[in-house]
Each structure stands twice: as C-alpha cells, then as structure tokens.
Amino acid sequence: MESLRLEPISKVNGTVNVPGSKSLSNRALLLAALSKGETHLTNLLDSDDIRHMLNALSKLGIQYQLSDCKTECVVQGNNGAFNVTEPVELFLGNAGTAVRPLCAALAASKGTFTVTGEPRMEERPIKPLIDALKTIGADIVCQKNEGFVPMVISGAELNGTNIRIDGTLSSQFLTALLMMSPLLEGDTTINIEGDLVSKPYIDITLDTMAKFGVEVENNQYQSFVIRAGQSYIAPGHFLVEGDASSASYFLAAGAIKGGTVRVTGVGSESIQGDIRFADVLEAMGANISWGNDYIEVQGAPLKAVDVDLNHIPDAAMTIATAALFAEGTTRISNIYTWRLKETDRLAAMATELRKVGAEVVEGEDFIEITPPQQLSLASIDTYDDHRMAMCFSLVALSNTPVVINDPGCTAKTFPDYFQRLSSISII
Ligand SMILES: O=C(O)C1=C[C@@H](OP(=O)(O)O)[C@@H](O)[C@H](O)C1
Ligand SMILES: C=C(OP(=O)(O)O)C(=O)O
C-alpha cells in the first residue's frame, strides 16, 4: 500500500482556496437533473463522490456538459422524475450524498434501477429510508442483506401525503425524502421520529431546494410540509460554495502553528453548518476573523474543550486531532453517528490517536483525548476514510513526522489535499 511521510512543519501561513462543497455539489446536480430548464453549475467539486453522482445521472439519461477541469457543468433538466426504458445499474461508491437521495428519487421514477456501492456502503444504514419509502408504495428489494445496499428499485406511483422517518442515524434519509417530495402528488408532510442528528445539513437541503424553486415549511425540525403544485425550476446559474468541512484542516493547522491562515470560498455567509467549526477553534483559544467569503485564523496556545458536536459530525473529527495540541483533556460528545460513516470513526480515531501517544477514552458516543508530552512517530491507518487521512496530517505540525497510509483515500472529497496543505507549510 502507498504511504506518505510528512516531515515536521515548523509554521503555516498563507491562503488556501477550498474546492467546492461535496454536500452542495451532489444536491445541486440532482436537483438540476430533476428541474425544468438548464442549470450552469460553477465551482463544482471534482472528487469521487461527485463522479459517482455524475455517472449515475448520465446512465439515467440526463444530458450534461462537464468542463475539462470538471468544476463547471451545464445540466439539461429532465422536468421531473427520471424515466428509463432499459434496466440500469448505478455504482455509487461510498457516497452517502448520492446513495440516499438517489434511492428516494428513483423510487418515484419510471424504470428499474440496481443501486450498488463499495463494500462499506453495504454496511452503512439505509433501512429507515427504505421502510419509509415502502410505506408510501415504493418497490425496493435488497439483494444481499435486508435493509442495505445493493438493492433493486422498481419505480412506482408513490402516495406521499404522510411520511415518518427515523432521524437518529443520519440526516441524509430526511434530505432524500425532502428532495424527492416535489415529485409526488398532493401536499406531503414528513414527521421526524427520535432526535434528528446533523441538523445543519437539513438547512443545506432546504436552501438548495429553495434555489431550485421549492419551498418547504420547517416546523422546528419536527415535521416538514411540502405543498402540492411545486416543481423544480432551474435557477440558471448555481455557484457551489467552497467546502466548509475541507476548510477545517487548514483552519486547525493555522490555530496550531499559525502564522495566519485564510481559507477562501467559504465564510460568514455560508449555508454550511461546518463553518461553526471555527467557533470551536475560537473556544480553544485561536483568533478567528470572518469575511463573507473567507475565514481567517491566527495561531495561539490552545486549551482543551468539552463540546457536543452533533451538529458538525465531519469537522468534529478535526477537533479530535487538534486536541493533540491543546492543554488538558478534550471531550467531544454526541457523536454516535461517527460509527456509521466511512468507517467506525470512533474506533478508528481512538486506535490511531493512541498510536501517536495520546491517552484516549472511547465511549459509545463520545471520545476523550489527552495529549502526551511528546507525540510518537506512527504509521497511521486510514481505513479508506478520507477524513482520517486529512485529520492525521495535523500530527506533522508537531516536531514528529507522521506516516499516512493510503493517502489517496482523500479522493472521496479532496483529491489534492496534501498539495494544498504543503502550499501553506514551511518545513
Ligand atoms: O447531507 C449531507 O451532505 C451530509 C450529512 C452528514 O451525514 P449524516 O446526516 O449521516 O450525519 C455528513 O456526515 C455527510 O458527510 C454529508
Ligand atoms: C460522512 C461522509 O460522507 P457521506 O456523504 O458518504 O456520508 C463524510 O464525507 O465525512
């Protein structure tokens, strides 16, 4: 397996423009495909997760022109649900933002669709979404294990007046139902069962739907109503914001070893919940300043925090490795969903943090990290998880090198991450 040795970085300074948001790219692509009219997407993310969505749309008969640099795409909308005459197979890798929303949209389309993914995708939950769709008439047959990918979806007439969905495992199930609901007849009410996790991702969904002409009533994240008679209308131009989760690594680097690091493409105007990562760094002692289109950080001695990060599950991982540079014991709580993502991130994080010498308590839904006096040289396993690779690059901000195994796994959301990190690093 390939590995990358990062030598100690003595200082970070400079500006990084982050690539487009994964969450926004895949939402905008799907809604552009379902819209009436043509959408010109700019600053689209070029990464594995987006490639899977693009390949799927193409197999579903959607016409689009992707620029050579793959960050601009003009999509010809289908003016409604997909409609294919031959059975199609869609391989969606390990992209939750493709699998979950497409599953719902396909259930309300015409055709027969087989949805497959990487081995880890076959273990990630989707049963609550399948069950919710079945209650309104969807025809979904799981091919290996009940309630998991791979599955065959035969498009059907759905009757969506009232849908219930479990909110406790992933917000992507609700996102999928919300984005699909304008394809149904009549008013649709979606009721949430249990405590909804990762709430800010629902704000991204509602904001993107609004840009494509569909309004949703949000009753305090307990229920959502989509009134009849709405359909997606291409907004003409859709600018994808820079990815706030991707920004977290550079912001953390600046907090630990700045200098001043400015991340551009995402700022105070962003709809992405992960910009709230900067508040956590601030609570740790970093100096943060905001512009409409940037977040800037200046390094300062960091102290430990005790924080509930359910609202920013992806960027929360970056706090776990930033904690190696903070005085005291950092506790991150309400993060059970880490166990359901690219790998069991609670177990993986605990194992790899211990390799560099940290004292770690791994709870069912929390992690506590106490840094050692001196970090140890370690070879970090990344579990095919882009965020494990990016988080552990921060170890190089100590006086100890770090070896990252399988650094190419960042291709899921950030193919040139290590080049961009080195652009602000002084060895
Ligand atoms: O809707 C989205 O774009 C996402 C929602 C979150 O997942 P959960 O809702 O499963 O926590 C997040 O972890 C994922 O990377 C992207
Ligand atoms: C959880 C993640 O991805 P997905 O969209 O596949 O859920 C992630 O990017 O951290």
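Remember, it's 1-based here, ligands and their atoms both numbered in the order they're listed. Values reported hereafter were calculated over all heavy atoms of this structure, with side chains retained and with hydrogens, waters and symmetry mates removed. Only a predicted model underlies this, so the values are computations on that prediction, with no experimental measurement involved. When a residue number appears, it is its place in the shown sequence, counting from 1.
Considering backbone and side-chain atoms together, Ser198 places an N or O closer than 3.5 Å to an N or O of ligand 1. At a 3.5 angstrom cut-off on N or O pairs, Thr337 does not count as close to ligand 1. Ligand 1 has a nitrogen or oxygen under 3.5 angstrom from a nitrogen or oxygen of Lys341.
Screening Ile380, Thr321, Leu421 for a side chain to side chain contact (heavy atoms under 4.5 Å, CB included) involving Ser393 leaves a single residue, Leu421.
Interface atoms of ligand 1 facing Thr97, defined by a heavy-atom separation under 4.0 Å, are 2 (C), 3 (O). For ligand 2, the atoms closer than 4.0 angstrom to any heavy atom of Asn94 are 6 (O). Below 4.0 Å from some heavy atom of Arg345 lie the following atoms of ligand 2, by number and element: 1 (C), 8 (C), 10 (O). Short contacts between ligand 2 and Lys412, defined as distances under 4.0 Å to a heavy atom of the residue, involve ligand atoms 3 (O), 4 (P), 6 (O). Near Arg387, with a cut-off below 4.0 Å to any heavy atom, the atoms of ligand 2 are 8 (C), 9 (O), 10 (O). Near Thr97, meaning under 4.0 Å from any of its heavy atoms, are these atoms of ligand 2: 5 (O). Listed by atom number, the atoms of ligand 2 under 4.0 Å from His386 heavy atoms are 8 (C), 9 (O), 10 (O).
Of the candidates Lys22, Lys341, Met121, it is Lys22 that places a heavy atom closest to atom 4 (P) of ligand 2. When the heavy-atom distances from atom 14 (C) of ligand 1 to Leu340, Ile335, Asp314 are ranked, the shortest goes to Asp314.
Contacts of Ser23 with ligand 1, taken as heavy-atom pairs under 4.0 Å, involve both backbone and side chain. No part of Met390 comes within 4.0 Å of ligand 2, judged by heavy-atom distances. Residue-level proximity to ligand 2 for Arg120 is absent, since no heavy atom of it falls below 4.0 angstrom.
The closest donor-acceptor contact from the side chain of Ser21 to the backbone of Leu24 lies under 3.5 Å.
Ring pair Phe392/Tyr249: centre-to-centre distance not below 6.0 Å. You'll find the ring centres of Phe414 and His386 outside the 6.0 Å limit.
Taking both residues in full, the closest heavy atoms of Leu169 and Val197 are given as C-CG2, 3.9 Å, listed atom of the first, atom of the second, then distance. Closest of all the heavy-atom pairs between Trp290 and Ala278 is CZ2-CB, 3.6 Å.
For the residue pair Glu215 and Gln230, no side-chain donor N or O sits within less than 3.5 Å of a side-chain acceptor on the partner.
Figure legend: cation-pi geometry between Arg331 and Phe366, with NZ or CZ positioned under 6.0 Å from the six-membered ring centre and within 45° of its axis.
If you check which protein heavy atom lies closest to atom 1 (C) of ligand 2, you get Glu342 OE1, 3.2 Å. The protein atom (non-hydrogen) at minimum distance from atom 7 (O) of ligand 2 is Arg124 NH2, 2.7 Å. At the shortest separation from atom 10 (O) of ligand 1 among protein heavy atoms lies Ser170 OG, 2.6 Å. Looking at atom 1 (O) of ligand 1, its nearest protein heavy atom turns out to be Arg27 NH2, 2.7 Å. Of the protein's heavy atoms, Ser171 OG, 2.5 Å lies nearest to atom 9 (O) of ligand 1.
Heavy-atom distances between Arg100 and ligand 1 stay at or above 4.0 Å for every pair.
For Lys36, the NZ atom is loosely surrounded, since the number of other residues' heavy atoms within 6.0 Å does not exceed 12.
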